[in-house]
Student: 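Quick one: this structure, given as structure tokens, is what I'll be asking you about.
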Amino acid sequence: MQQGEEDELSVTIAHIVRKLKGSSLHSQLEKEARASLHNTDIKLETLKEDIKEFFKTSGWEKKLQNAVYRELSVLPAPCHPLAPVEHIKEPLTYMRKAQASWEKRVIKSLNSMCTELNIQLARKRPLNEQKELLNKWNEMGTDEPDLSLFRPVYAPKDFLEVLINLRNPNYDIGDQGNYKSHLGLIQVPLKIKDIPELRDFFQELSLNTGQLGVDDSTQVPPELFENEHLSLGKKVLAGHDSAAAQQFVRQGCPTSLRADLWALILNISNQPEDMLYYEQLKSNVIQHDLLSDSLIYKDVKLTASNDDYYFVFEDYLYQVLLCFSRDTSVLAHFSYSSASPPKSYIRGKLGLEEFAVFYPPNGVIPFHGFSMYVAPLCFLYHEPSKLYQVFREMYVRYFFRLHSISSHVSGILSLCLMFETLLQTHLPQLFYHLREIGAQPLRISFKWMVRAFSGYLATDQLLLLWDRILGYDSLEILAGRTC
């Protein structure tokens, strides 16, 4: 191993140790280690090895491995040790500037709505209002607040216009080489996978490999594959190994195992402390009313409530999204996101950082269609706290990349470029025909990708697609699915 690689590994290990030291798992491991000292099998001479063996046989080693695997999955790409924090978030300066400009526009839209409607960003609910909300917590869908004056802060089409107009100021249009043949709307040069690279990356999706939910003929009879895959899935679940579960779902998830396999991949266990945390978030919703709450209500009413698949989950959507807006643990994902959480200031203290707070508390302003990230998960999880944890983990791993400007390979900009490139290269007649009639393909497909196809595919097909997102730990399949 070279010196640079050793340094990189040391930094990674230190980062993971630091993260895990502040977790409940660390305290549980300490507690179990102390309790094991009373075990007659633990000898003072071989204390270290005996405790390691105890962790292995008791299942705690596997829990630790899964926690480390989870941290690795959200670890930012390796950077030079002296690189500034903003370079870790996004290495390209013009991307950072574009994202900052977009954020200012969104915040301006939010503040304009406040001024027009003469309402506060946040207020404490009166006691009678708190009691009323608590009583109807499980039937908020029956409530019909007047939302006629509220509007989504932005819609996917607004975001698309920003991406279309993005340019690299250091890039000479006259020296584009092969890139000059790209006739799509996205005009920034980014490294994306070509067909051979995609085939190599998604090799388990080969037509010669058995797949759940794919009707194409394979060498293995579908019934035989489904039975064997189900049997293997049960063994994977019994092994409690996140990495093995992630590899398994690349070929699709049996319906009966999907909820448990996804939770295993995402390292969601729904422990008592997790349920307590959810209840604390619920309490915050009950006590305080935020302007973003009305944006959530409006979005659910405009999208999921009008969807044949998801309207029945309206109550769940309100519960999850209102709690999500109060969850300050979500702020941690901004360390590896190109975005930054919006700030608000206590009245009369504008510009004074010591009086600044993140708004909403999770740093995420909901936009038109945001609730559709949660809706499909309602088919899998019926316990609100577990549904909430799965959605939160899906968001901080994947969904945030679909509404922020970045050069990341799974970012929406790279997905758009990949979609246009694949379509232009492999379906040129369709591509040129659509352009000739004024129907740019990306304008049609953008909203599909931004929502990860939620609301556009039948739920069974959507869940099979999301299997592959989890399995490959990548959103790139959305661009291929669009084609």
Side-chain angles (χ1 to χ4, degrees), residues 15-38 51 54-75 130 133-134 137-138 237 239-243 245 259-288 316-335 358 360-364 374 377-378 380-400 470:
H15 173 83
I16 292 174
V17 168
R18 187 169 62 252
K19 291 283 287 184
L20 293 182
K21 270 192 174 179
S23 68
S24 60
L25 177 62
H26 183 262
S27 58
Q28 289 174 326
L29 288 171
E30 279 190 333
K31 182 180 176 183
E32 290 295 326
R34 288 197 191 97
S36 72
L37 296 177
H38 301 291
I51 289 181
F54 166 74
F55 280 155
K56 188 174 184 178
T57 55
S58 60
W60 284 102
E61 181 187 62
K62 192 69 73 175
K63 290 180 182 179
L64 179 59
Q65 285 178 357
N66 290 342
V68 170
Y69 194 70
R70 187 269 167 190
E71 293 303 326
L72 285 171
S73 71
V74 297
L75 195 69
Q130 291 184 33
L133 181 57
L134 185 61
W137 180 255
N138 292 317
L237 271 178
H240 303 290
D241 189 318
S242 295
D260 291 333
L261 282 166
W262 283 19
L264 178 56
I265 293 167
L266 299 169
N267 197 32
I268 303 297
S269 54
N270 204 30
Q271 297 296 315
E273 59 267 26
D274 299 316
M275 290 185 268
L276 178 60
Y277 186 71
Y278 175 78
E279 289 300 319
Q280 289 172 339
L281 295 174
K282 175 181 171 181
S283 176
N284 290 340
V285 175
I286 299 297
Q287 291 174 29
H288 293 91
Y316 276 160
L317 295 176
Y318 291 134
Q319 292 170 14
V320 168
L321 289 167
L322 291 174
C323 286
F324 181 70
S325 67
R326 271 77 170 174
D327 193 345
T328 54
S329 73
V330 177
L331 292 169
H333 92 279
F334 287 106
S335 65
F358 293 123
N362 70 345
V364 181
V374 187
L377 300 173
C378 296
L380 302 181
Y381 305 99
H382 307 300
E383 208 284 298
S385 69
K386 190 165 188 179
L387 168 64
Y388 175 75
Q389 290 171 66
V390 170
F391 163 66
R392 181 182 61 190
E393 190 65 18
M394 290 282 284
Y395 180 82
V396 302
R397 285 201 196 193
Y398 307 112
F399 297 147
F400 77 92
L470 283 163

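Owing to the predicted nature of the structure, the values given are computational and were not obtained by experimental measurement.
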Student: Just verifying a value: how many Å separate Lys386 NZ and Leu377 CG, rounded to the nearest 0.5 Å?
Tutor: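 Output value for this atom pair is 12.0 Å.
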Student: Do Arg326 and Asn362 have side chains that get closer than 4.5 Å, going by heavy atoms?
Tutor: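 They are not in contact (no side-chain heavy atoms under 4.5 Å apart), so the answer is no.
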Student: Measuring from Lys31:NZ to Leu29:CG, what's the distance to the nearest 0.5 Å?
Tutor: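 Lys31 atom NZ to Leu29 atom CG measures 12.0 Å (nearest 0.5 Å).
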Student: Shortest non-hydrogen contact from Leu261 to Ala245?
Tutor: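 Result for this residue pair: CD2-CB, 4.0 Å.
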Student: Could you go step by step and tell me if Leu281 and Phe324 meet the side chain to side chain contact (heavy atoms under 4.5 Å, CB included) rule?
Tutor: CA-CA 8 Å; Leu281 295 174; Phe324 181 70; over 6 Å; no
Student: What heavy-atom pair brings Pro361 and Ser325 nearest, and what distance separates the two atoms?
Tutor: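 What the structure gives for the nearest pair is CD-O, 3.2 Å.
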Student: Atom CG in Leu322, atom OH in Tyr388: separation rounded to 0.5 Å?
Tutor: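 Those atoms lie 11.0 Å apart.
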Student: For the backbone of Asn267 and the side chain of Asn66, can you confirm whether one donor and one acceptor N or O come within less than 3.5 Å of each other?
Tutor: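 Here the side-chain-to-backbone pair does not exist.
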Student: So do the side chains of Arg70 and Arg397 get within less than 4.5 Å of each other, counting heavy atoms only?
Tutor: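 They are in contact (side-chain heavy atoms under 4.5 Å apart), so the answer is yes.
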Student: Is the shortest side-chain heavy-atom distance between Ser329 and Arg392 below 4.5 Å?
Tutor: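 Yes; the side chains approach each other to less than 4.5 Å.
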Student: Taking side chain as C-beta onward, heavy atoms only, is Leu470 less than 4.5 Å from Tyr398?
Tutor: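 The answer is yes, as the side chains (C-beta and beyond) meet within the 4.5 Å cut-off.
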Student: Taking the side chain as every heavy atom from C-beta outward, state whether Gln319 and Tyr278 have any pair of such atoms under 4.5 Å apart.
Tutor: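 They are in contact (side-chain heavy atoms under 4.5 Å apart), so the answer is yes.
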Student: Write down the atom of His382, the atom of Pro384, and the distance for their closest heavy-atom approach.
Tutor: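 Closest heavy-atom pair between His382 and Pro384: O-CD, 3.5 Å.
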Student: May I have the step-by-step check of side-chain hydrogen bond (donor to acceptor under 3.5 Å, both in side chains) for Ser385 and Asp274, ending in yes or no?
Tutor: CA-CA 7 Å; Ser385 69; Asp274 299 316; over 6 Å; no
Student: Judged by atom type as modelled, is there a donor-acceptor pair below 3.5 Å linking the side chain of Glu393 to the main-chain atoms of Gln389?
Tutor: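 Such a contact is absent between Glu393 side chain and Gln389 backbone.
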Student: Mind listing the closest non-hydrogen atom pair of Trp137 and Val285 along with its distance?
Tutor: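 In terms of heavy atoms, the two residues are closest at CZ3-CG1, 3.8 Å.
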Student: Are any non-hydrogen side-chain atoms of Ile268 and Trp262 less than 4.5 angstrom apart?
Tutor: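 In short, these two side chains do not touch, never coming nearer than 4.5 Å.
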Student: Using every non-hydrogen atom in the two residues, find where Ala332 and Ser335 come nearest and quote the distance to one decimal.
Tutor: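 The answer is O-OG, 2.9 Å.
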Student: Tell me which one of Val330, Asp327, Leu331, Leu321 satisfies side chain to side chain contact (heavy atoms under 4.5 Å, CB included) with Val364.
Tutor: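 Among the candidates, only Val330 passes.
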Student: Heavy-atom distance under 4.5 Å between the side chains of Leu134 and Gln130, does that happen here?
Tutor: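 Leu134 does not reach Gln130 side chain to side chain.
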Student: I'd like to know if the side chain of Glu279 pairs up with that of Ser283 as donor and acceptor (distance under 3.5 Å, no hydrogens or angles considered).
Tutor: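 There is no such pair between these side chains.
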Student: Please test Asp241 against Gln65 for side-chain hydrogen bond (donor to acceptor under 3.5 Å, both in side chains), starting from the C-alpha separation and ending with a verdict.
Tutor: CA-CA 8 Å; Asp241 189 318; Gln65 285 178 357; over 6 Å; no
Student: Test your reading of the model: is there a side-chain donor-acceptor pair from Ser242 to the backbone of Leu264, 3.5 Å cut-off?
Tutor: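 Pair found, side chain donor or acceptor close to backbone of Leu264.
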Student: So which atom in Tyr381 and which in Ala259 form the shortest heavy-atom distance, rounded to 0.1 Å?
Tutor: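 It is OH-O, 2.6 Å.
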Student: Would you find a donor on one side and an acceptor on the other, under 3.5 Å apart, between the side chain of Tyr395 and the backbone of Phe400?
Tutor: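 It does not hold such a pair.
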Student: Please examine the side chains of Leu25 and Gln28, heavy atoms only from C-beta on, and report whether any two atoms are closer than 4.5 Å.
Tutor: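 Side-chain contact under 4.5 Å: yes.
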